[in-house]
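Here the structure is laid out as structure tokens; the discussion comes afterwards.
Proteins get letters first, then strands, A, B, ... in listed order; numbering begins at 1 in each.
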Amino acid sequence: MMEQKRIAIYGKGGIGKSSTASNVAAACADEGYKVMIIGCDPKSDSSITLLGGKRIPTILDLLRQKIDVKEEDIVYEGYKGVKCVEVGGPEPGIGCAGRGIIVAIQKLRQMCKSIDDMDLIIYDVPGDIVCGGFVAPIRKGLVNEAYILTSGEYMPLYAANNICKGLAKIDTPLSGIICNSRSVTREEEIVRKFSEEIGSKLMAFIPKEQIVQDCERDGFSVLEKAPDSPVAGVYRELAHAIMSNDSSVLPSSLEDERLRELTR
Amino acid sequence: MAENDISIIHPRPSSIVAALYTLRDLNVDVAILHGPPGCSFKHARLLEEDGIHVVTTALDENGFIFGGREELSTMLVKVNEMFNPKLIGVVGTCVSMIIGEELSEPVKDANLDVPVIGVEVHAGFPNNTKGVLIALESACEAGVITDEELERQKVLLTEATNVEKRHGAASKEYLVPSRGDLKYKVAEKVINYLKEGKKCLTIMNAKKETGYMFADITVAINEVAAQLGVADNVINMANVDDTLGLPRVRQHATYIMNDFREKGIVIHEIIGGMDEYPIAGELVSKLIAEKYSDFDFAVITGVPHAIPMDNLQNMDVISVTNGPRQVFPLKDMGHSNVIVEIDLHPKTLGVNNIVESEFGATIREVVKDMQNAEEA
Ligand code: SF4
């Protein structure tokens, strides 16, 4: 039996982590892997495209109502049996989302037995790691591979660079960089160079295609709605690269000046 | 953390607790702790004995995540019904402050006619006086105390912190607690001094309600001096000015003065209010220089380390404290004997009369034994 892969995808907010995560999940499910996706963003839309646009109750919703949560209340099967979980969060501006993630994940581990049978678990974590709660999945040993999603623009790369610092600090190796294109000039080259300089590698270059948006808006992954599109092929390759990836490094990070130079 | 960065090694009294005690001195009827059910429980119980109600919103894991606005407003309504209070305090805790709880909104939600002092405090302050300060500032905002009183309290607080740093429990990295000298030996010494006709200064420089017990030592020494026929050799100083301080603090001074009067004890020098122990030392020093420099020994009770040694050099100094970690700093200052009144605090909460101290009781017993021995 293969070792369970538990990955987290980091990156600047709005860079496309959720759509990448759900498309990778769908591609892996197509290959027959048992996949679970755990959305840790209070927006709770990591799994929405795997469930035909439907929202599921979040763990924290149920905890708030003081419901004695069971596995079937929070784990929902979506596209090709992908198990979907959403952590959720408090109302904006109230309470503590970081603590919420910690508690929800503990709860999930406690009563979700099927979690151990998975081949791949994807933690879709919020891009802006603002406090200890947001790195809890890693710190609590729930994640064994981290990927960073970025485009070739300065700000997402800046965030990626910061995340590298963070990963090094908490001793978590980086398994690769994924480029979600924003159609910037020399984009692939820039991100590839960045990946190499921090000691990692570029896993995939996902072109900017309208079809991704369209499928998402309709509530589906590209893999489900447009399986023959070229970009579906790219996700498939990325999924394959992740499933067969067995190398990771503690990333180094670049000086601000070098980062600017790269993107110039 | 580099070793040099370690500045606190003993857990300090918490700012949350300090805020609770300040609310008590402001005469709130109820204090609501907004946070985990176990926070500050020991002091909450002590304060209950002191006549104020302390309750908690008992935030649980859910509360930590989702906040506890409703829990707090419900609790406000409930305590209002239960206790019919005239003044309420709401105190933050680490939990509610870390998750960004707001105290004034639930107060609005509850919509009571009772003034509420909301104290946004947590336990992460190196000086616990910060809790007192925040409570006083909130009280001032709520119109419960005047700006002048707030300013006065600020001066006292700064001095209290300085005193602790200079000669108090915050002065050393690690302090071994000690029970101090044996009470009967020191009692014997005091009695012998009185018998020999030596001149005695009693200086009570007590912190608020602890005065109820430290005053008993003044009483005991005066009683014994009277028995021995040397009452005139004793001069008493005490910080019992009842015109100064927060409402409850002034009350303590009044009660203690009443008892002194009833027992026929004259306080020759009033050295300040019951919250002025950090600053009373200067006056004591001045008074000694002017009038009492030829005295033979001094018995200092309460916060002895706040009295400067400058003018006490020629006297034998005996001190009584309630802090076991105070013993070594006081010996370092040059006090020849240091005695600790154990469990003073629980015994002085909720009382309005002088309560017997162990040292006072020991003096009274020892003098009896000595007289019996002489007669035999
Ligand atoms: S950590 Fe803070 S909130 Fe928690 S019990 Fe201690 S003082 Fe109270």
Side-chain angles (χ1 to χ4, degrees), chain A residues 38-44 57-70 73-74 85-112 123 125-126 128-137 139-140 142 169-171, chain B residues 1-2 5 14-16 32-40 55-78 90-111 116 118-125:
Chain A
I38 302 172
C40 296
D41 200 307
K43 287 201 307 296
S44 53
T58 71
I59 303 180
L60 290 179
D61 273 343
L62 301 178
L63 286 183
R64 183 180 358 226
Q65 296 159 37
K66 305 198 192 254
I67 289 170
D68 183 19
V69 186
K70 304 216 175 41
D73 301 327
I74 52 169
V85 177
E86 291 288 351
V87 164
E91 283 171 56
I94 290 180
C96 179
R99 184 69 201 161
I101 293 179
I102 295 171
V103 171
I105 301 250
Q106 273 169 357
K107 196 93 212 161
L108 179 68
R109 302 281 314 174
Q110 257 169 34
M111 47 169 226
C112 176
Y123 287 89
V125 283
D128 310 292
I129 299 175
V130 288
C131 78
F134 292 81
V135 288
R139 278 258 162 99
K140 309 268 175 205
L142 303 178
K169 185 156 234 157
I170 59 175
D171 230 357
Chain B
M1 202 194 290
D5 293 344
S14 123
S15 308
I16 300 170
I32 304 175
L33 278 161
H34 189 34
C39 184
S40 314
V55 297
T56 174
T57 50
L59 291 189
D60 57 4
E61 191 84 87
N62 257 16
F64 296 3
I65 299 168
F66 303 116
R69 178 171 178 163
E70 237 187 85
E71 282 80 352
L72 181 51
S73 61
T74 315
M75 184 58 80
L76 278 159
V77 171
K78 181 154 185 145
V90 175
V91 184
T93 60
C94 308
V95 170
S96 52
M97 293 301 101
I98 288 173
I99 68 171
E101 281 282 273
E102 221 281 326
L103 301 182
S104 68
E105 285 168 2
V107 170
K108 268 183 228 134
D109 294 349
N111 195 22
V116 178
V119 191
E120 302 211 341
V121 66
H122 54 70
F125 297 104

Contacting moiety of A/Ile101, where chain B heavy atoms sit under 4.5 Å =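 For A/Ile101, no heavy atom lies under 4.5 Å from chain B.
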
ask   = For chain A, which of B/Val95, B/Ile98, B/Ile65, B/Ile99 has the most heavy-atom pairs under 4.5 Å?
value = B/Ile65

query = Where is the tightest heavy-atom contact between B/Phe66 and A/Ile94, given as atom of each residue plus distance?
reply = O-CG2, 2.9 Å

Cross-chain donor-acceptor list, chain B and chain A, 3.5 Å limit, no angles:
unit_1	atom_1	unit_2	atom_2	d
B/Glu61	OE1	A/Arg99	NH2	3.0
B/Glu61	OE2	A/Arg99	NE	2.7
B/Glu61	OE2	A/Arg99	NH2	3.1
B/Asn62	ND2	A/Leu63	O	2.6
B/Ile65	O	A/Cys96	N	2.8

